[in-house]
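This report concerns only the one structure given below.
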Amino acid sequence: MDFPRSVDIFCRVVDNFGDIGVCWRLARQLAKEYSLSVRLYVDDLGSLERIVPDYSALCSTSFDVVCWDDDLDYPNAADVVIEAFACDLPPNVIRAMVGRDGEVVWIDLEYLTAENWTEGCHGLPSIHPSTGLKKTMFFPGFSETSGGLIREAGLFERRNRFQGDINAQNSWRTAYNLPQFDENFIDISLFSYKSAPIPSFFDDLSTYKSPVRVFLPSFDTFYVEKRGFLEIYRIPFVPQDQFDYLLWTCDVNFVRGEDSFVRAQLAGRPMIWNIYVQEGGAHLIKLQAFLDLYCAAFSTEERERLAESFKLWNQEGQTEVEWWHGYLDRLPILQSGAAVWSDHLFDQPDLAHRLLAYARNNNILKNKG
Ligand code: TRH
């Protein structure tokens with residue numbers, strides 16, 4: 001018997017778009033590429049609608065999005081139940097899993113981090129105290145021994161085709177009111193938290209030796225501002241399946257959180273990450289863990305300055321005047337390292353593949369023969 005045939009994903013939106021962004025992406029991939037019956041339970045459909053405005057049109061009998069509220073009716077558990085980001089499953093969901101007599105593979109999908117300790121915890125089971133159900137921690141990550149990263153089939157080819165086709169890029173730009181590709185301009189996408197030192201970044205860009213254009217999504221209306229050599233395009237949010245094209249058509253991508261951070265790495269272009277701030281500076285440890293891995297893909301001379309650029313972007317206040325001039329001067333070198341890093345990621349199996357392999361190997365039906 002094929003296992004699994006069905007997957008349920010539970011997602012609570014803590015804030016912003018990353019929680020639902022990750023869960024939606026995984027749900028779609030499991031339904032589309034593995035023909036599994038998938039239900040995505042989410043407590044905030046408004047956030048989903050913001051990144052996937054036509055989500056209901058994409059639903060079908062085998063792919064459903066369900067509003068997760070206090071009255072949730074959940075009589076039958078799927079073969080695999082994914083509890084995203086420790087969202088705490090309600091008692092009726094746990095009861096339904098118990099009702100499947102140990103057949104359900106229960107996965108606790110954690111946030112992405114490059115910290116070493118997660119490798120030791122990835123795949124570790126724990127026993128639910130009152131029911132005896134087994135729950136397994138699944139840590140996404142950047143190495144072969146982690147849970148991997150979410151990545152759809154054919155992404156590498158699609159990206160390369162688009163990046164190699166200026167006409168395709170220009171058609172896409174036209175559809176989103178962005179200026180045509182011009183090799184005299186450096187184009188930057190910018191998606192960051194308010195705490196990033198954006199004012200000094202813009203000051204630097206406006207005095208750079210060649211013209212720069214910044215594409216800033218997530219505004220209600222379209223608006224262009226000019227400051228010296230700098231043009232700032234404030235544009236509305238693009239749908240999630242179009243966001244990659246924005247990253248692929250830019251020379252540099254400033255991203256944040258989790259999902260856009262991963263997509264920028266897979267874009268194979270230089271990027272800077274604005275990490276989600278956590279209490280007690282825990283995020284700075286995560287940032288360093290990532291830089292230890294990522295910067296190793298760059299030449300020895302670049303590593304230190306690149307790491308410093310990431311750190312400055314994650315500090316409030318002014319950045320040293322003209323810091324970003326130096327960053328832009330080194331773009332061709334940074335491009336090579338970004339390509340090496342993205343190749344390293346594309347060489348590994350993706351998260352859905354690893355998750356389903358785990359589920360197959362750990363279901364009791366297999367052991368029953
Ligand atoms: O929005 P984020 O900051 O989300 C999160 C959450 O805050 C979460 O609680 C936190 O734990 C996590 O970060 C680390 O950043 P993220 O993860 O990049 O998610 C943004 C999503 O929005 C991603 O799926 C891409 C999508 N997006 C679009 O679809 N269109 C757009 O125009 C843009 C800018 C983003």
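FYI, side chains are in, hydrogens and waters are out, and symmetry mates aren't considered; it's all heavy atoms of this structure. Here the structure is a predicted model, which is why all the values come from computation and not from measurement. Counting starts at 1 for both ligands and their atoms, following the listed order.
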If you draw the axis of the six-membered ring of [Y], does the NZ or CZ of [X] fall within 45° of it and under 6.0 Å from the ring centre?
X: R12; Y: W68; result: yes
X: R360; Y: F3; result: no
X: R256; Y: Y276; result: no

*Give the other cluster members for F139, using side-chain heavy-atom distances under 4.5 Å between Ile, Leu, Val, Met, Phe, Trp and Tyr residues; answer none if it is isolated.*
W117, L124, M137
*Connected-component partners of V277 among ILVMFWY, side-chain separation under 4.5 Å*: none
For ligand 1, find each of its N or O atoms that sits under 3.5 Å from a protein N or O atom, and tabulate the pairs with distances to one decimal place.
{"from": "ligand 1", "atom 1": "1 (O)", "to": "F17", "atom 2": "N", "distance (Å)": "3.0"}
{"from": "ligand 1", "atom 1": "1 (O)", "to": "R256", "atom 2": "NH2", "distance (Å)": "3.0"}
{"from": "ligand 1", "atom 1": "3 (O)", "to": "N16", "atom 2": "ND2", "distance (Å)": "3.4"}
{"from": "ligand 1", "atom 1": "3 (O)", "to": "Y193", "atom 2": "OH", "distance (Å)": "2.5"}
{"from": "ligand 1", "atom 1": "3 (O)", "to": "R256", "atom 2": "NE", "distance (Å)": "2.9"}
{"from": "ligand 1", "atom 1": "3 (O)", "to": "R256", "atom 2": "NH2", "distance (Å)": "3.4"}
{"from": "ligand 1", "atom 1": "4 (O)", "to": "G18", "atom 2": "N", "distance (Å)": "2.8"}
{"from": "ligand 1", "atom 1": "7 (O)", "to": "D15", "atom 2": "OD1", "distance (Å)": "2.7"}
{"from": "ligand 1", "atom 1": "7 (O)", "to": "N16", "atom 2": "ND2", "distance (Å)": "2.9"}
{"from": "ligand 1", "atom 1": "9 (O)", "to": "D15", "atom 2": "OD1", "distance (Å)": "2.7"}
{"from": "ligand 1", "atom 1": "9 (O)", "to": "D19", "atom 2": "OD2", "distance (Å)": "3.0"}
{"from": "ligand 1", "atom 1": "17 (O)", "to": "E258", "atom 2": "N", "distance (Å)": "2.8"}
{"from": "ligand 1", "atom 1": "17 (O)", "to": "D259", "atom 2": "N", "distance (Å)": "2.8"}
{"from": "ligand 1", "atom 1": "18 (O)", "to": "R256", "atom 2": "O", "distance (Å)": "3.1"}
{"from": "ligand 1", "atom 1": "18 (O)", "to": "S260", "atom 2": "N", "distance (Å)": "2.8"}
{"from": "ligand 1", "atom 1": "18 (O)", "to": "S260", "atom 2": "OG", "distance (Å)": "2.6"}
{"from": "ligand 1", "atom 1": "19 (O)", "to": "G18", "atom 2": "N", "distance (Å)": "3.4"}
{"from": "ligand 1", "atom 1": "24 (O)", "to": "Q240", "atom 2": "NE2", "distance (Å)": "2.9"}
{"from": "ligand 1", "atom 1": "24 (O)", "to": "D259", "atom 2": "OD2", "distance (Å)": "2.6"}
{"from": "ligand 1", "atom 1": "29 (O)", "to": "V238", "atom 2": "O", "distance (Å)": "3.3"}
{"from": "ligand 1", "atom 1": "29 (O)", "to": "Q240", "atom 2": "N", "distance (Å)": "3.3"}
{"from": "ligand 1", "atom 1": "30 (N)", "to": "V238", "atom 2": "O", "distance (Å)": "2.6"}
{"from": "ligand 1", "atom 1": "32 (O)", "to": "V238", "atom 2": "N", "distance (Å)": "2.9"}

*Can you sort out the partners of H128 under side chain to side chain contact (heavy atoms under 4.5 Å, CB included), two or more places apart, ordered by chain and number?*
I94, W106, S130, T131, L133
